[in-house]
Protein chains: 2
Amino acid sequence: MSKPEQDIPTIFALFNEIGIISQLSSRLFETRLPDGFLVSHFAVLNHLTRLGDGRTPLSIAQALQVPKTSMTHTLKGLHKAGLIAFEPNPKDSRSKCVMLTDQGRTFRENAIAALGPDMVQMAQRIDVSKIADALPILIEVRAYLDKAREAE
Amino acid sequence: MSKPEQDIPTIFALFNEIGIISQLSSRLFETRLPDGFLVSHFAVLNHLTRLGDGRTPLSIAQALQVPKTSMTHTLKGLHKAGLIAFEPNPKDSRSKCVMLTDQGRTFRENAIAALGPDMVQMAQRIDVSKIADALPILIEVRAYLDKAREAE
DNA sequence: TTGCATTAGTACGATTTCGCACTATTTAAT
DNA sequence: ATTAAATAGTGCGAAATCGTACTAATGCAA
């Protein structure tokens, strides 16, 4: 703790691994999605399913840590595919609410099912309890970066 | 171990966190790089510094897990900026060797220095020993995905 | 040796991503 | 109430990313 410079290589290594795993998992995931859909699309559907729909584009963008202009584009794609619907935001007419359609929910379920075999295979080859052990610090790092970004 | 389906949510959570951390750290990193440079550029310079230059574009692409067409583009940018040089590959004339220039080495050092304050601050707020503990499983996951991809 | 499959790299085009600038609306201050 | 500052979302343009298809060189087999 006395010499934080010593810790820098460890932090670098973390970001290095995370960058590559993110790259690998996204690409693998996308091969399992229907043509024309990306992880960015799935991430929105998943977010709305897990935390509830009716959220605004901005709040989704912040949760997924992408610029709001990117979210506009992603939502446009989901809307064109009929997976989400827009409703006016009764509390703020500058804004909108993003709603999941039935097709959107089905799409997410199918996507998860399509990944199932990969996940099961991975669960058989990797000690998942170690992943569970690693999750808290990752969540901590995420929260830290999130705050550091706000404070910028 | 008996019911891998139970592990799937844990694996999902891992990829979820990793995706967001990757997003956050890349964006933060890029704000510290000179204008026009991205994490993809730094990653190549860093790779060549750590493991030695003289590698081929394909081997770099595989190490960083990006398509070779993306690597062609990234290398073009580094070359235009004078940070790398190409030499013919004596063992295979289809290929080339990517060499670091002095400017390339300096660029990497400056980039790391520019990140220093962020890293130090993070090392002060986060228990880095927990990061060190988490690294082995991340490396294992990376290696697994890497193999799973080859076997595709 | 000859021929065929494989490999390294690239050109090209489609799409994504994202920063900047803008409009419309809301909030806050006086 | 009026005005200024902040906010939500988008249009636009530039750049990155990546899949497909191609060329050139290599390796392998008969």
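Throughout, protein chains are lettered first and strands after them, A, B, ... in sequence-line order, and every chain is numbered starting at 1. Keep in mind that what you see is a predicted model, and the values were worked out from it rather than measured.
Between B/K96 and C/dT10 there is a side-chain polar atom (N or O) within less than 4.0 angstrom of OP1 or OP2. A close approach under 4.0 Å does occur between a side-chain nitrogen or oxygen of B/S95 and OP1 or OP2 of C/dG9. An OP1 or OP2 oxygen of C/dG9 is reached within less than 4.0 angstrom by no side-chain nitrogen or oxygen of B/T72.
With values rounded to the nearest 0.5 angstrom, A/E109 atom CD is found 8.0 Å from A/T49 atom OG1. For the atom pair CZ (A/F12) and CG (B/N46), the distance works out to 6.5 Å, reported to the nearest 0.5 Å.
One interatomic measurement links the two molecules: CZ of A/F86 to C1' of D/dA8, which rounds to 13 Å at whole-angstrom precision. B/M71 places its CE atom 13 Å from the C1' atom of D/dA16, with the value rounded to the nearest Å. If you take NZ of B/K80 and C1' of D/dA15, they are 11 Å apart, rounded to a whole angstrom. Rounded to whole Å, atom P of C/dT15 lies 13 Å from atom CZ of A/F37.
Of all the heavy atoms in A/E17 and B/L138, the pair that sits closest is OE1-O, 4.2 Å. Pairing each heavy atom of A/I126 with each of B/Y144, the nearest pair is CD1-CB, 3.7 Å.
Aromatic rings from B/F37 and B/F107 are positioned such that their centres are separated by under 6.0 Å.
A salt bridge does not link A/K130 with B/D133: none of the charged nitrogens is closer than 4.0 Å to a carboxylate oxygen.
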Checklist entry - If the sugar-phosphate is the primed atoms plus P, OP1 and OP2 and the base is the rest, what is the B/S/- string for nucleotides 16-27 of chain C, using protein heavy atoms under 4.0 Å? => result SBBBB---BBS-
